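Accompanying notes for the structure given below.
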Amino acid sequence: MAYFLAVANRKGGVGKSTLSVMLAHAFAVWGKKRVLMLDLDSQCNASLILIGGQGWSDARKAQKTIADYFYDLFDGVPAQPRDYLLPNVGDVHDGSGRAARINLLPGSLLLEDIQGELFLKQSRESNSPDVVASRVRGRIETLLRRFGASYDLVILDCAPGLSLAALAALKTADKVLVPFRPDYVSQLAVDRIALLIEDKGHLDALADVPFDERRYTTIANGVRNTGKDRIMIDDIGAFHPMLETTMPHKDAIANAFDWEPGLKNLGEKYGDGTRDLEKLYSEVAPWLEAHGAARAAS
Ligand SMILES: Nc1ncnc2c1ncn2[C@@H]1O[C@H](COP(=O)(O)OP(=O)(O)OP(=O)(O)O)[C@@H](O)[C@H]1O
Ligand SMILES: [Mg+2]
């Protein structure tokens, strides 16, 4: 049974898709895990990073996207979740020349429409928007969980904001990684998503949950070596669990956003960002495993 790792922040452009894909590569190649990436963002960036524009366009034509999966299953089409996945995606090999074992449920521009349609459908059965939203979220959650069976790790790359799909991902996730950029808005955005993840109404209640019992951790991304960045990071770290690893702002990491035909090794893919990915992976892997051990014991 897979661990579900959501990568989420209601703030946009903080590196959710970038870190999702970097971790997918690290777990598949270094960790030899079977990894599945679920692209829950209608911008489809994780898909574009893993299969490129043409690949994504082909996936749409072949009706292998999250929207097709949701539409079909809500309509009762007897399909299997695996029918919608693309196998062995990405432009990285596993060290022996074979493509890294990452499967992908491609994203879709229609994901928002679907959430709206589901909401309307459910509205016929209840007048309470809260009840409707929670039912739709519950349906999406069930559909996401169905992917767990054949993987070690399922990564959910969430859209910015708080879509029902993002809320479903937060519920589904065993752990949530919350990347942030060190700036003033980030503190508020991290506070907000932390309340949702821990299901607390206000920050005082959140503060009562010890850091090592929280389901999420934050990570500073796009860090430049300035005093201002350090102060922002320390401010957020005073209230939220945070990885020791910080991801620097590097061209090599930005460039890895672009899919290229052919397979390369991780070092070629991430250049001088490879060391940073090693540090990130060596901290995230035990964090997830600790959770797995706790789950196995319960
Ligand atoms: N550590 C980094 N160094 C340099 N560039 C980075 C770094 N992390 C992310 N970027 C760049 O910042 C931009 C935003 O990153 P990304 O798309 O991963 O963020 P996001 O949180 O997924 O955004 P969205 O909210 O739109 O989904 C991209 O162009 C990416 O290449
Ligand atoms: Mg993104």
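Order of listing sets the numbers, starting from 1, for every ligand and every atom in it. Numbering starts at 1 and runs along the sequence shown. None of these values were measured; they are calculated from a predicted model. In what follows, every heavy atom counts, from backbone to side chain, and hydrogens, waters and symmetry copies are set aside.
Every N/O-N/O distance between Asp251 and ligand 1 stays at or above 3.5 Å. Residue-to-ligand polar distances place Val14 within reach of ligand 1: an N/O pair is separated by less than 3.5 Å. Residue contacts with ligand 1: Pro160 is placed with no nitrogen or oxygen under 3.5 Å of a nitrogen or oxygen of the ligand (distance criterion only). The shortest N/O to N/O separation between Lys16 and ligand 1 falls below 3.5 Å.
Counting protein heavy atoms only, atom 23 (O) of ligand 1 is closest to Gly13 N, 3.0 Å. Of the protein's non-hydrogen atoms, the one nearest atom 5 (N) of ligand 1 is Ala254 CB, 3.5 Å. If you check which protein heavy atom lies closest to atom 22 (O) of ligand 1, you get Ser17 N, 2.8 Å. The nearest heavy-atom contact from the protein to atom 15 (O) of ligand 1 is Thr18 OG1, 3.7 Å. For atom 4 (C) of ligand 1, the nearest non-hydrogen atom of the protein is Lys250 O, 3.2 Å. Looking only at heavy atoms of the protein, atom 26 (O) of ligand 1 is closest to Gln43 NE2, 3.0 Å.
Distances below 4.0 Å separate heavy atoms of Gly222 from the following atoms of ligand 1: 1 (N). Applying the 4.0 Å criterion to heavy atoms of Gly12 picks out, from ligand 1, the atoms 25 (O). Every atom of ligand 1 with a heavy atom of Gly15 under 4.0 Å away is listed here by number and element: 15 (O), 16 (P), 18 (O), 19 (O), 20 (P), 21 (O). Taking a cut-off of under 4.0 Å to the non-hydrogen atoms of Asp41, the atoms of ligand 1 that pass are 27 (O). Every atom of ligand 1 is numbered from 1 in the order shown, and the set under 4.0 Å from a heavy atom of Asn221 is 1 (N), 2 (C), 7 (C), 8 (N), 9 (C). The Pro248 neighbourhood of ligand 1 comprises atoms 1 (N), 2 (C), 3 (N), with distances under 4.0 Å to a heavy atom of that residue.
Salt bridge status for Asp91 with Lys269: present, with a side-chain N to carboxylate O gap under 4.0 Å. Salt bridge status for Asp68 with Lys64: absent, with no side-chain N to carboxylate O gap under 4.0 Å. Ion pairing between a basic and an acidic side chain is recognised when a charged N comes within 4.0 Å of a carboxylate O; Glu117 and Lys121 show no such pairing. Using a 4.0 Å cut-off between charged side-chain N and carboxylate O, Asp183 and Lys11 make a salt bridge.
For atom 29 (O) of ligand 1, the nearest protein heavy atom is 4.0 Å or more away.
Separating the OH atom in Tyr216 from the CZ atom in Phe211 is a distance of 6.5 Å, to the nearest 0.5 Å. Within the model, atoms OG1 of Thr217 and CE of Met242 stand 7.5 Å from one another, a figure rounded to the nearest 0.5 Å. If you take CD on Gln115 and CG on Leu118, they are separated by 8.0 Å, rounding to the nearest 0.5 Å.
Side-chain N or O atoms of Ser20 include one that pairs as donor or acceptor with a backbone N or O of Lys16 at under 3.5 Å. A donor-acceptor pair is defined here as one N or O able to donate and one able to accept, closer than 3.5 Å; such a pair exists between the side chain of Arg214 and the backbone of Leu206.
Checked against the 6.0 Å centroid threshold, Tyr3 and Phe27 do not count as a close aromatic pair.
With 2.8 Å as the limit, Asn45 does not count as an N, O or S neighbour of the Mg ion (ligand 2).
For the pair Arg181 and ligand 1, a heavy-atom separation below 4.0 Å is found.
Here atom 2 (C) of ligand 1 lies nearest to Ile253 when heavy atoms of Val7, Ile253, Asp258 are compared.
Within a 6.0 Å radius of CZ in Phe119, more than 12 heavy atoms belonging to other residues, nucleotides or ligands are found. Within 6.0 Å of CZ on Arg146 lie more than 12 heavy atoms contributed by other residues, nucleotides or ligands.
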